[in-house]
Q: 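Questions regarding the structure given below will be posed in turn.
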Amino acid sequence: MKKHKPATVLIVGAGFAGLGTAIRLQQAGIRDIVILERAGEVGGTWRDNNYPGAACDIPSNLYSYSFDQNPDWSRSFSGSEEILRYIKAMVKRFGLEKYIRFNRNVSDLAFDEDQGLWHATTDSGEIFSGRAAVMAQGPLSNASFPDISGIEKYQGHKVHSAAWDHEYDFRGKKVGVIGTGASAIQIIPELVKDASKLTVFQRTPAWVVPRPDFDTPDWQKTLFRKVPASQSALRKGLYLAHESMALAVIWNSPMTRLAERLGRWHLKRQVKDRWLRRQLTPDYRIGCKRILVSNDYYPALQQPNCKLITWPITRMSANGILTAEGIEHQFDCIVFATGFDVGHSGTPFPVRGAGGRKLDEDWKRGAQAYKSISVAGYPNLFLTFGPNSGPGHNSALVYMESQIDYIVKGVQTILDKNLKALSVRGKAQDEYNARIQKRLAKTNWNSGCKSWYLTEDGVNATMYPGFASQYARQMASLELKDYELIPA
């Protein structure tokens, strides 16, 4: 078992969150950093999600860091390959290679109260330590197959959207797609071009709105390079436009009805068949589940070789999928666009805090944190995309920047005051979560539909019930009265 010299900050994950944290720490003069990455390259979700058609549903100029804007985006909504190139270029621009330890999969993270250190143990038995630890592994990092009876009996080819098999040839094959969420609506228009027959299994129809996606003209790239303030102005405009969408997405307001009207108009414009349109019409308020953005999903479903199935799946067989009306649908390959293990209550690896407490046990009734970033009983530990930090209307990276700046303040406090432990008080955490849940009760997310935002008990441990600007304001200050400070 190899033990490494303790660092100041230990970061788990080399995706957007981990790399952004390292950049801001470095700019604050904190350079004793170790980043543990389970894969052999950076990128996180954009490295793993490389299925055909993978792209972001937030404009590129907003889905990037304000402190590292890219003037050369090829289009308004970039694909996964271009986003991954941006991430890799960011690593080089800021010289982050020296911090990253690749192929280190963390299997255990534990706080040593005597030393005031976090110890991360990897699969290979190495131990890395840090005075502070940042969990930046991401909320969408672990792909999961659905719990369908008989899934192990299926003898055809299985592919998950987050672990795409680029060696498999879909041409001329009979393909089934389970799921009609954010990944599925990007995959289906690509698969329908190659498959001899494509069958899409829909459990719940989604609200789909148009995607204003255009090629970026050369003059705009030149302008952004020569006058960076012009790109910052565009970013600000996009930010404000998305902020206004909160009035439609988060709360039930007249804007909600306008957004629903847009969704119905888009559906009616692209789908002429009344029965198909009825099958694709949601029966819940817009915003309750994730809103999807696409121009080619509806047209793909109407191709001659594509069929939409809305009967519930009962089980899988050796040859395919059986649905509730008693029909067996046979396939050469089944694509599972069924999402991820989202950490409502669990953790991706055991996390042990003060007094031997375990985070997955503390979160059994739903994940809770103070300001989404600190958890009582886990000193010097900072979460990214922690409980109730999810955006429903704006760029995740806007929220991420607020979290990163808070983490930097926390680490600076530990160093400046020479603390063994900076630990949020349980009372402060409880009071914060009581306020959050009270606000969530009035949102569209909690209006009655079933979504991955909610736990099995119906607790919303995922989303933040407010504007991105409100979230930024709450993260702008580190209120030491809410923390216990234990000197080294």
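The structure displayed is predicted, hence computed values, not measured ones. These numbers come from the heavy atoms of this one structure, side chains and all, not from hydrogens, waters or symmetry mates.
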Q: Does the side chain of S64 come under 3.5 Å of the side chain of Q69 through a donor N or O and an acceptor N or O?
A: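 Looking only at side-chain atoms, Q69 and S64 do not form any donor-acceptor pair under 3.5 Å.
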Q: Relative to each other, are the rings of Y399 and Y471 parallel, tilted or perpendicular (30° and 60° limits)?
A: tilted
Q: Got a sec, which residues hit side-chain hydrogen bond (donor to acceptor under 3.5 Å, both in side chains) with Q26, two or more places apart in sequence or on another chain?
A: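 Testing Q26 for side-chain hydrogen bond (donor to acceptor under 3.5 Å, both in side chains), a comparison that skips the adjacent residues, returns Y99.
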Q: Mind telling me whether F467 and H393 have parallel, tilted or perpendicular rings, with 30° and 60° as the class edges?
A: perpendicular
Q: Would you say CH2 of W251 has more than 12 non-hydrogen atoms from neighbouring residues, nucleotides or ligands within 6.0 angstrom?
A: yes
Q: Measuring only between side-chain heavy atoms, which start at C-beta, is P379 closer than 4.5 Å to F111?
A: yes
Q: Can you confirm whether the side chains of D213 and S76 place a donor and an acceptor under 3.5 Å from each other?
A: yes
Q: Please examine the side chains of V208 and L267, heavy atoms only from C-beta on, and report whether any two atoms are closer than 4.5 Å.
A: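 Sidechains of V208 and L267: no contact.
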Q: Considering residues at least two apart in sequence or located in another chain, which fulfil the side-chain hydrogen bond (donor to acceptor under 3.5 Å, both in side chains) criterion with K88?
A: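 Counting only residues at least two positions away or on another chain, K88 forms a side-chain hydrogen bond (donor to acceptor under 3.5 Å, both in side chains) with E41.
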Q: Taking atom types as modelled, is there a side-chain donor on N460 or Q437 under 3.5 Å from an acceptor on the other?
A: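 Per modelled atom types, N460 and Q437 side chains form no pair under 3.5 Å.
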Q: Count the heavy atoms of every other residue, nucleotide or ligand shown that sit under 6.0 Å from NZ of K221, and state whether that count exceeds 12.
A: yes
Q: In this structure, is the centre-to-centre distance between the rings of Y51 and H160 below 6.0 Å?
A: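 No, the ring of H160 stays outside the 6.0 Å limit from the ring of Y51, centre to centre.
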Q: Determine whether the aromatic ring centres of W46 and Y63 lie less than 6.0 Å apart.
A: yes
Q: What heavy-atom pair brings P71 and F224 nearest, and what distance separates the two atoms?
A: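 Closest heavy-atom pair between P71 and F224: CB-CB, 3.6 Å.
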Q: Using a 6.0 Å cut-off, check whether atom CZ of R203 has over 12 heavy atoms from anything other than its own residue.
A: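 Counting other residues, nucleotides and ligands, CZ of R203 stays at 12 neighbours or fewer.
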Q: Report, as yes or no, whether the 6.0 Å neighbourhood of atom CD on E81 holds more than 12 heavy atoms from other residues, nucleotides or ligands.
A: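 Counting neighbours around CD of E81, 12 or fewer heavy atoms of other residues, nucleotides or ligands fall under 6.0 Å, so no.
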Q: Is there side-chain contact between L280 and Q202, with heavy atoms separated by less than 4.5 Å?
A: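 Yes. Closest side-chain heavy atoms under 4.5 Å.
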Q: Counting only heavy atoms from other residues, nucleotides and ligands, does the tally under 6.0 Å from NZ of K272 exceed 12?
A: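 Result for NZ/K272: enclosed.
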Q: Using every non-hydrogen atom in the two residues, find where I11 and A22 come nearest and quote the distance to one decimal.
A: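 So the two residues come closest at CD1-N, 4.1 Å.
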Q: Among K409, K371, R425, whose salt bridge (charged side-chain N to carboxylate O under 4.0 Å, His left out) with E479 holds?
A: K371
Q: With no hydrogens and no angle check, just 3.5 Å: does a side-chain donor-acceptor pair link Y370 and D482?
A: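 Yes - a donor-acceptor pair under 3.5 Å links their side chains.
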Q: Of all heavy-atom pairs between A376 and R357, which one has the smallest distance, and what is that distance?
A: O-CZ, 3.7 Å
Q: Between Y297 and Q270, do the side chains contain an N or O donor and an N or O acceptor separated by less than 3.5 Å?
A: no
Q: Are Y378 and D362 close enough that a side-chain donor and a side-chain acceptor fall under 3.5 Å?
A: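 Judged by distance alone, the side chains do pair up.
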Q: Could you walk me through whether S294 and Q186 satisfy the side-chain hydrogen bond (donor to acceptor under 3.5 Å, both in side chains) test, starting with their C-alpha distance in whole Å, then the side-chain angles of each, then the deciding distance to 0.1 Å, before giving a yes or no?
A: CA-CA 8 Å; S294 177; Q186 296 177 346; over 6 Å; no
Q: With sequence neighbours left out, what residues match R269 under salt bridge (Lys or Arg N to Asp or Glu O under 4.0 Å)?
A: none
Q: Can you confirm whether the side chains of H166 and N50 place a donor and an acceptor under 3.5 Å from each other?
A: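 Judged by distance alone, the side chains do pair up.
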Q: Does the side-chain contact (heavy atoms from CB on, under 4.5 Å) test come out yes or no for V177 and F336, once each step is laid out?
A: CA-CA 6 Å; V177 177; F336 294 84; over 6 Å; no
Q: Contact between W207 and K289 at the side-chain level, heavy atoms closer than 4.5 Å - yes or no?
A: no
Q: What pair of heavy atoms forms the shortest contact from V159 to C333, and how long is it?
A: CG2-SG, 3.9 Å
Q: Decide side-chain hydrogen bond (donor to acceptor under 3.5 Å, both in side chains) for Q302 and D273; before the verdict, give the C-alpha distance in whole Å, the side-chain angles of both, and the deciding distance to 0.1 Å.
A: CA-CA 9 Å; Q302 298 169 86; D273 182 88; over 6 Å; no
Q: Any chance you could lay out the side-chain hydrogen bond (donor to acceptor under 3.5 Å, both in side chains) test for R285 and N444, step after step, and finish with the verdict?
A: CA-CA 7 Å; R285 189 185 303 161; N444 291 338; 2.9 Å; yes
Q: When the aromatic ring centroids of Y65 and F16 are compared, is their separation below 6.0 Å?
A: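 Yes: the rings meet the under 6.0 Å criterion.
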Q: Could you tell me whether the side chain of K307 reaches within less than 4.5 Å of the side chain of F201, counting heavy atoms only?
A: no
Q: What's the verdict on side-chain contact (heavy atoms from CB on, under 4.5 Å) for L301 and C306, showing C-alpha distance, side-chain angles and the deciding distance?
A: CA-CA 6 Å; L301 292 177; C306 190; 4.1 Å; yes
Q: Considering only NZ, NE, NH1 and NH2 on the basic side and carboxylate oxygens on the acidic side, decide whether R75 and D215 come within less than 4.0 Å.
A: yes
Q: Counting heavy atoms not belonging to R225, are there more than 12 under 6.0 Å from its CZ?
A: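 Enclosed.
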Q: Determine whether the side chains of Q27 and R24 contain a donor N or O and an acceptor N or O closer than 3.5 Å.
A: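 R24 and Q27 do have a side-chain donor-acceptor pair below 3.5 Å.
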Q: Thinking salt bridges, do K158 and D165 make one under a 4.0 Å N-O criterion?
A: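 Salt bridge flag = no for D165 with K158.
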Q: Under a 4.5 Å cut-off applied to non-hydrogen side-chain atoms, are L198 and I188 in contact?
A: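 With C-beta onward as the side chain, the pair touches.
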Q: Are any of the side-chain nitrogens in D57 or R290 under 4.0 Å away from the carboxylate oxygens of its partner?
A: yes
Q: Tell me the closest heavy-atom pair linking Q429 and S374, and the distance in Å.
A: OE1-O, 3.7 Å
